[in-house]
Amino acid sequence: MDEQNNEIKPIEGEDFYYTPEGYKCFTEKYHLKRGYCCRSGCRHCPYGYDKKKDKQF
């Protein structure tokens, strides 16, 4: 029986891109689709999280 998978499938070029170092970097659009802040200090965080201060704006 097939299990229902509610996970968001990221699309390269729209939801993420690869940095010159080879890391996957998620875009602001992906973070908004996901719907919450993971508190990892992401480069394109639309939620205003500051990892150094451990606070959201």
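Fair warning: this is a prediction, and the values are worked out from it, not measured in the lab. When reading the values below, keep in mind they use all heavy atoms of this one structure, side chains included, and skip hydrogens, waters and symmetry mates.
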Trainee: So, do E28 and Y30 sit near enough that their side-chain heavy atoms are less than 4.5 Å apart?
Mentor: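 The answer is no, as the side chains (C-beta and beyond) never meet within the 4.5 Å cut-off.
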Trainee: Decide side chain to side chain contact (heavy atoms under 4.5 Å, CB included) for Y23 and R43; before the verdict, give the C-alpha distance in whole Å, the side-chain angles of both, and the deciding distance to 0.1 Å.
Mentor: CA-CA 12 Å; Y23 295 104; R43 185 179 293 176; over 6 Å; no
Trainee: Residues in side-chain contact (heavy atoms from CB on, under 4.5 Å) with K24, at least two apart?
Mentor: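 With sequence neighbours excluded, K24 shows a side-chain contact (heavy atoms from CB on, under 4.5 Å) to F16, Y18, F26, given in chain and number order.
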Trainee: Is it true that H44 and Y17 share a donor-acceptor pair across their side chains at a distance under 3.5 Å?
Mentor: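 The answer is yes; a qualifying pair exists.
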Trainee: Is a salt bridge present between R39 and D54, judged by a nitrogen-to-oxygen distance below 4.0 Å?
Mentor: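 D54 and R39: salt-bridged.
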Trainee: How far does NZ of K53 sit from CG of D50, to the nearest 0.5 angstrom?
Mentor: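 Output value for this atom pair is 5.5 Å.
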Trainee: If you measure from the Lys or Arg side-chain nitrogens to the Asp or Glu carboxylate oxygens, is any gap between D15 and K33 under 4.0 Å?
Mentor: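 Here D15 pairs with K33 in a salt bridge, since their nearest N and O are under 4.0 Å apart.
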Trainee: For G41 and K51, which heavy atoms make the closest approach, and how far apart are they?
Mentor: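 Answer, listing the atom of G41 first, then K51: CA-CB, 4.0 Å.
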Trainee: So, taking the atom named SG in C42 and the one named OH in Y47, what distance separates them when rounded to the nearest 0.5 Å?
Mentor: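 The OH atom of Y47 is 10.5 Å from SG of C42, to the nearest 0.5 Å.
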